[in-house]
Asker: 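Mind having a look at this structure? Questions to follow.
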Protein chains: 4
Amino acid sequence: MSTDSLEQLRQRLAEFAAVRDWDQFHSPKNLAMALIAESAELIEHFQWLTEEQSRCLSPVKKQAVSYELADILIYLIRIADKLDIDLITAAQLKIQLNENRYPVERVKGDARRADEY
Amino acid sequence: MSTDSLEQLRQRLAEFAAVRDWDQFHSPKNLAMALIAESAELIEHFQWLTEEQSRCLSPVKKQAVSYELADILIYLIRIADKLDIDLITAAQLKIQLNENRYPVERVKGDARRADEY
Amino acid sequence: MSTDSLEQLRQRLAEFAAVRDWDQFHSPKNLAMALIAESAELIEHFQWLTEEQSRCLSPVKKQAVSYELADILIYLIRIADKLDIDLITAAQLKIQLNENRYPVERVKGDARRADEY
Amino acid sequence: MSTDSLEQLRQRLAEFAAVRDWDQFHSPKNLAMALIAESAELIEHFQWLTEEQSRCLSPVKKQAVSYELADILIYLIRIADKLDIDLITAAQLKIQLNENRYPVERVKGDARRADEY
């Protein structure tokens with residue numbers, strides 16, 4: 001991970017857990033559970049909205065959603081840190097895979113599930 | 001978002017969707033669903049492992065997990081982009097809130113749910 | 001749980017796990033992970049569909065969805081069994097709570113989140 | 001679905017939604033989101049517990065968990081109803097598939113992911 005903003009968050013979160021003696025709870029298994037719980041809090045904001053409504057949130061709702069996204073990022077950084085995985089490199093590799101897997105000429109305007117191709 | 005690695009991913013993913021004409025599917029509602037689906041693929045890797053096993057993944061498993069983390073980050077960046085939310089700033093604010101919410105002297109070594117305090 | 005179809009499934013699933021020596025893996029923690037992973041497979045079927053499309057599935061898709069619902073029910077029954085919780089009674093109590101919490105005259109046609117009332 | 005306890009719940013829930021004019025929100029897509037959000041509330045109860053602790057809940061915690069299980073069952077019944085799927089039949093078919101897929105002599109005491117076999 002480069003010494004940029006994501007790396008700064010990683011260090012701050014590692015310190016946050018260390019001084020609270022929380023590393024004992026932060027197994028990848030437990031962190032994966034915490035991450036999906038936060039993902040579900042995001043879902044709750046959108047479950048009764050139409051797609052169109054989800055594109056136009058009120059300032060109050062947008063603020064709440066931004067904290068849910070933050071929580072997801074926080075646990076994502078923690079799991080990656082615990083497993084010594086570089087998130088940015090992993091994402092770059094995955095996007096490369098996706099670019100090969102979904103050639104523009106084949107999938108343009110079509111969002112079927114990958115396994116349906 | 002600063003012009004660092006996360007911003008570069010944001011731009012690449014926006015381009016990826018645009019050339020495939022996929023923005024029509026990328027409502028925040030739909031992206032939240034895609035994000036939690038990826039979070040669940042992470043869960044699947046850990047659900048039958050002990051916490052200890054989840055800390056010591058084989059190279060093959062670690063590689064697979066790194067791609068799941070990448071997928072989560074990808075959708076997280078996309079939702080933030082669609083809602084014009086700066087992930088890094090949101091995370092910094094949330095960590096500040098957590099630091100106030102969980103003072104070291106009160107929660108050291110204790111991971112009860114926040115609402116149980 | 002009454003001696004009806006749900007109870008028959010509970011017994012069959014207990015036997016399924018016992019003969020495979022899988023009870024050692026079936027802690028409530030692990031089963032909750034398996035359950036949410038199955039819930040996410042359901043999500044995957046709907047994430048790129050409009051709400052309207054989700055109401056009118058093709059026979060092939062409906063068949064696939066029926067198996068995802070089955071998987072969720074299976075893990076739900078297993079967790080309840082492991083914790084000695086009667087699902088039917090719990091649901092009846094919860095519906096009673098919901099009936100009190102959401103009086104018709106106050107919520108008719110309005111699906112805001114409970115905590116927004 | 002037979003005229004047993006599950007069918008009684010289905011009818012009561014259909015009536016609950018109808019009198020509140022909530023069917024407009026209960027597309028399978030939205031209900032799948034609500035279901036996974038409830039599954040995540042279950043996850044939250046277990047995420048910082050050891051597997052052993054998850055097997056031995058306090059009466060207060062067990063009560064809370066029973067309501068989460070109820071919520072999951074409620075949305076499961078609603079989706080099945082909306083898609084005209086018989087949950088019990090689907091589960092019986094799926095268990096039959098699993099019995100064939102995981103022969104006792106091959107998987108006894110081994111819980112690796114299905115796709116790893």
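Letters A, B, ... mirror the listed sequences (proteins, then strands); counts begin at 1.
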Asker: Given side chains that start at C-beta, do those of C:Q96 and D:R12 come closer than 4.5 Å, heavy atoms only?
Answerer: yes

Asker: Indicate the atoms forming the closest heavy-atom contact of D:G109 with C:F25, along with that distance.
Answerer: O-CZ, 3.4 Å

Asker: Between C:I79, C:D23, C:D84, C:I95, which shows the greatest number of heavy-atom pairs under 4.5 Å with chain D?
Answerer: C:I95

Asker: Any chance you could measure C:K82, atom NZ, to C:Y75, atom OH, to the nearest 0.5 Å?
Answerer: 13.0 Å

Asker: Would you mind telling me which of C:L69, C:L73, C:L42 has the largest number of heavy-atom pairs within less than 4.5 Å of chain D?
Answerer: C:L69

Asker: When the side chains of residues 32-39 of chain D are checked against the rest of the protein, which donor-acceptor pairs come out under 3.5 Å, sequence neighbours left out?
Answerer:
from  : atom 1 : to    : atom 2 : distance (Å)
D:S39 : OG     : C:S39 : OG     : 3.1
D:S39 : OG     : D:L35 : O      : 3.0

Asker: Tell me, for C:Q53 versus chain D, whether the close heavy atoms (under 4.5 Å) come from the side chain, the backbone, both or neither.
Answerer: neither

Asker: Look at C:E99, C:K62, C:E105 and state which one has the largest set of heavy-atom pairs under 4.5 Å with chain D.
Answerer: C:E99

Asker: D:L49 versus chain C, heavy atoms under 4.5 Å apart: side chain, backbone, both or neither?
Answerer: backbone

Asker: Non-hydrogen atoms of chain D under 4.5 Å away: do they reach the side chain of C:N98, the backbone, both or neither?
Answerer: both

Asker: Can you name the side-chain contact (heavy atoms from CB on, under 4.5 Å) partners of C:S27, sequence neighbours left out?
Answerer: C:K29, C:N30, D:E51, D:S54, D:R55

Asker: Answer with yes or no whether the side chains of D:E15 and D:Q11 bring together a donor and an acceptor at under 3.5 Å.
Answerer: no

Asker: Given that the side chain runs from C-beta out, which part of C:L31 has a heavy atom under 4.5 Å from chain D: side chain, backbone, both or neither?
Answerer: neither

Asker: Check whether C:L57 gets within reach of chain D through its side chain, its backbone, both or neither, counting any heavy atom under 4.5 Å.
Answerer: side chain

